[in-house]
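Remember, it's a predicted structure, so these values are computed and weren't measured experimentally. Residue indices begin at 1 and follow the sequence shown.
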Amino acid sequence: MSTTNHPVAVKDLLPWALVLLAGTAAAQSPAAPTQPAMPAMPAMPTRLQYTSTLSGYQAYADEPVQSWREANDRVGRIGGWKVYAKEKPPGVAPTAETPAAPLPHGAHHGGGKP
């Protein structure tokens, strides 16, 4: 009679290893809390209040029609369209910009011909 030694397969030991790990996890005592308890929540208001975000809305109002000649004269007195072009929108800080020199025509298209 011969006896053969069969190696034990890992798949045969896996269920026993899981049972052993589950037993040790269940035997551990619970960890002490590391965070302090949360303070009690403040009392909720008894009456809810709602304020619409549209309560301060101002509807568009037409401006009175004016003479186009008077409007053109006013723009001329101010300095023309170039003055309007130099104005910064509200909220933009003024900067000490110097006017840039005009670019050669080839620079507009990524460079000129060689």
Fill in: Closest non-hydrogen atom pair, Ile78 against Val83
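In terms of heavy atoms, the two residues are closest at O-CG2, 3.7 Å.
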Response to the item:
On a heavy-atom basis, the closest approach of Tyr60 and Tyr57 is N-OH, 4.5 Å
Worksheet entry | Arg74: partners by side-chain hydrogen bond (donor to acceptor under 3.5 Å, both in side chains), with sequence neighbours left out |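 With sequence neighbours excluded, Arg74 shows a side-chain hydrogen bond (donor to acceptor under 3.5 Å, both in side chains) to Gln66, given in chain and number order.
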Worksheet entry | For Leu18, the rest of its hydrophobic cluster, which grows through side-chain links under 4.5 angstrom | Leu14
Worksheet item: Just how far is it from atom CG of Asp73 to atom CH2 of Trp68, taken to the nearest 0.5 Å?
Response: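 Reported to 0.5 Å precision, the distance equals 9.0 Å.
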